[in-house]
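Only this structure's heavy atoms are used, side chains among them; waters, hydrogens and symmetry mates stay out. The chains referred to below are lettered A, B, ... by the order of the sequence lines, with proteins before strands, and numbering in each begins at 1.
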Protein chains: 2
Amino acid sequence: MANITDVARLAGVSHQTVSRVLNNENTVRPSTKARVEAAIAELHYRPSMVARALVTRKTRTIGLISTGNPLYGPSSTALGFNEAAREAGYQVTSASMSTSDRGAILEAIDVLVAQNVEALVLIASDVASIEAVQDLELQVPLITAESSGRMGGHSVSIDQFRGAELATSYLADLGHRRIVHLAGPSTSLDAAERERGWRSVLASRGLETREPVAGDWSPESGYAAAERLLGGGDFTAIFAANDQMALGVLHALSDRGLPVPGRISIVGFDDIPEAAHFIPPLTTVRQDFGELGRRIMESLLEVLRGQEFGEPVRTEPRLIERASAAPVGAGRAVTQPIAPPT
Amino acid sequence: MANITDVARLAGVSHQTVSRVLNNENTVRPSTKARVEAAIAELHYRPSMVARALVTRKTRTIGLISTGNPLYGPSSTALGFNEAAREAGYQVTSASMSTSDRGAILEAIDVLVAQNVEALVLIASDVASIEAVQDLELQVPLITAESSGRMGGHSVSIDQFRGAELATSYLADLGHRRIVHLAGPSTSLDAAERERGWRSVLASRGLETREPVAGDWSPESGYAAAERLLGGGDFTAIFAANDQMALGVLHALSDRGLPVPGRISIVGFDDIPEAAHFIPPLTTVRQDFGELGRRIMESLLEVLRGQEFGEPVRTEPRLIERASAAPVGAGRAVTQPIAPPT
DNA sequence: GACAGAAATGTGAGCGATCACATTTTCGAG
DNA sequence: CTCGAAAATGTGATCGCTCACATTTCTGTC
């Protein structure tokens, strides 16, 4: 590979002039600039980012850490972020891991920092991940996609609390008085926010609050949770903390012959691409993950340009009405606890 | 940040000795090694990967390009790859894009190569992406996750053809004689392989082959395709090229009151986490995407160690039996073309 | 305790760019 | 023309490390 000196020699100028052309400083005479560019083209020269990074101390690279399984939400956020970063001229070095192990996260951060990333982004909503980075002394800014506010200004998120309010109010407006919650795992901050939103609406409307049952986001856990919910007493609506669990619920109710929304209404969360084709199509809370990813990059750019972290950026989700929730009494309400199948 | 000279000074040795400790060459006396390590710890020293890369010309970085929407398959593959890479001491710089635009791909490769990645991985199954890289003259090895064999030895994949055979044979063994195919987009190499597998089984068993209807992987397209399929004539089974489209089919059939698998059996492809909770639970072909990602890294390591590309690595998918396919005639077969709803 | 050979450590150059500053060239005004 | 300021270009140091080779310090043997 040719280097800057080779180009300089061929163009008959000094290496510094080549450097000036490379960084298009406008103190180079058009005629020399043309000569240099010709030499660059002839040698197929590409400046070494590594050498440049060594002296400028800028790698134009951002470290992206993501934990947990490759779910639709985080994956979409990562994609949105990645595209926005590339557009802004940044590279993204990603460290993905299926665990949220503190040691693994710190190790990944260490490697990224050693590689001189200019900033870190953490896409993860579980307490373990957030806590792992919370009080870290870092040389570079770190932003999380996290909605509880625990990271102070260093976060960009979709308002999970608001989303849960939307879902729960919608069900309450439909006349449901007993709205149970299928919560996400207790390790998830987003899950906690969603539960909080649900509780808040129930409380403000004076509705009974039954202790929620928690799943782990998977359809399996949704299925299992539905059985526990059904064994636990009377209700007409379920607010599930994500669409996958809602699917499990749909399945469980179908297995028992309980019509949705005839007897039980369901609202999910996320609006995954499948949700519109669940049977029945799922009413859910849509989060624009791509947008979230782009916003993260925007915030990061501000910080990288020297601005202080401002208020946490928080965007609003929105309710998508489909067919899984209906006015209470549209079918017969479940009035008795239902025994599990024998 | 401290540099190698600072450490050397504090430890009372030369920078070269520090370098030796860093690269744990065993020509350093244990006592000096300990002194150096103490100095490293005291200064919180971390060697600059950038400086190291400049001289060794090795960045220990791999460029990962992925195109298209964040589907379960590619995302899982990327995760598996990322974890394997980290374990092997490599970083992953990823360029994800929702398009498969040739220009965008070449641009991304250019940026990655300029950054001195040691290898490139392309996770994409559409013709455009593969063609974009197919005849590229690159300084670094490039591996694709691609099953058609178009990339020669430079690919690692799950045998899509075999998976389709599995699905189709399963339906045929169940007694189905008219098995239609809901294909993936014509731009997808994987889709082409799946269709080829379906055709192959049909041909070898002397079964009628109806022209498949193509979707775009989305549940919406599955729904629409089901309607076209139903309008097109008689059949008792559908092999859908992926689970999401199978979901759309399930939805369409449910809307028409056609029982699955009573009248129509369905087999999908991928085994996404939701598939087990579709109504009915979907019989499908499972691909181990995480494994695929790890295999890609394995192959890459061999190449990076100087071995030649060998035969393309090809792993087998496997059929997961659930409830969406049943022996023909378990319900009444559809004998007349069904008019679309008015 | 002298010596050779091995083991341990040190020295200076160089990777490929940018930075700070020095030097040369150009251009317009008098 | 000459002069001086502005524009254009050049020079050498430097970023933080590894490489190649030089030098010093240990060993063990006689």
Measure CG/B:Leu43 against C1'/D:dG16 and give the value in whole Å, please.
15 Å
Considering residues at least two apart in sequence or located in another chain, which fulfil the salt bridge (charged side-chain N to carboxylate O under 4.0 Å, His left out) criterion with A:Asp101?
none
Between P of C:dG16 and CD of B:Gln115, the distance in whole Å
17 Å
Tell me the interatomic distance from A:Arg9, atom CZ, to C:dG16, atom P, rounded to whole angstroms.
12 Å
Measuring from B:Thr144:OG1 to B:Ile123:CD1, what's the distance to the nearest 0.5 Å?
10.0 Å
List in chain and number order the residues that pass salt bridge (charged side-chain N to carboxylate O under 4.0 Å, His left out) with B:Glu131, two or more places apart in sequence or in another chain; answer none if no residue qualifies.
B:Arg150
Heavy atoms from other residues, nucleotides or ligands near CD of B:Glu87 exceed 12 (cutoff 6.0 Å)
no
Under 4.0 Å from any atom of DNA chain C, heavy atoms only: list the residues of residues 46-53 of chain A that qualify, in numerical order.
A:Arg46, A:Pro47, A:Ser48, A:Ala51, A:Arg52
Could you tell me the separation between the OG1 atom of B:Thr59 and the CD atom of B:Gln91, rounded to the nearest 0.5 Å?
9.0 Å
So, using salt bridge (charged side-chain N to carboxylate O under 4.0 Å, His left out) as the criterion, who are the partners of A:Arg9 when residues are at least two apart?
A:Asp6
When you check the phosphate oxygens OP1 and OP2 of C:dG16, does a side-chain N or O of B:Arg57 lie under 4.0 Å from one of them?
yes
Yes or no on side chain to side chain donor-acceptor pair (under 3.5 Å) for B:Glu83 and A:Ser98, after CA distance, side-chain angles and deciding distance?
CA-CA 8 Å; B:Glu83 291 193 294; A:Ser98 37; 3.0 Å; yes
Would B:Asp126 and B:Ser100 count as a side chain to side chain donor-acceptor pair (under 3.5 Å) if you check the C-alpha gap in whole Å, the side-chain angles of each, and the deciding distance to 0.1 Å?
CA-CA 8 Å; B:Asp126 62 290; B:Ser100 327; 3.2 Å; yes
Regarding A:Thr93 and B:Thr93, do their side chains bring together a donor and an acceptor under 3.5 Å, going by distance alone?
yes
Protein N or O to nucleotides 7-10 of chain C N or O, pairs below 3.5 Å:
| residue | atom | partner | partner atom | Å |
| --- | --- | --- | --- | --- |
| C:dA8 | O3' | B:Arg29 | NH2 | 3.3 |
| C:dT9 | OP1 | B:Thr32 | OG1 | 2.9 |
| C:dT9 | OP2 | B:Arg29 | N | 3.0 |
| C:dT9 | OP2 | B:Thr32 | OG1 | 3.1 |
| C:dT9 | O4 | B:Arg20 | NH2 | 3.3 |
| C:dG10 | OP2 | B:Ser14 | N | 2.6 |
| C:dG10 | OP2 | B:Ser14 | OG | 3.1 |
| C:dG10 | OP2 | B:Thr17 | OG1 | 2.9 |
| C:dG10 | N7 | B:Arg20 | NH1 | 3.3 |
| C:dG10 | O6 | B:Arg20 | NH2 | 2.5 |

Would you call A:Glu302 and A:Arg305 a salt bridge, using N to O less than 4.0 angstrom?
no
Polar atoms only, N or O, under 3.5 Å: list the protein pairs with nucleotides 4-6 of chain C and their distances.
none

Separation of D:dC15 C1' from A:Asn116 CG (nearest whole Å)
11 Å
If I take atom CG from residue B:Leu189 and atom OG from residue B:Ser125, how far apart are they, to the nearest 0.5 angstrom?
6.0 Å
Whole Å only: how far is the CD1 atom of A:Ile4 from the P atom of D:dT11?
14 Å
The side chain of B:Asn23 lies closest to which of these nucleotides: D:dT18, D:dG16, D:dC15?
D:dT18
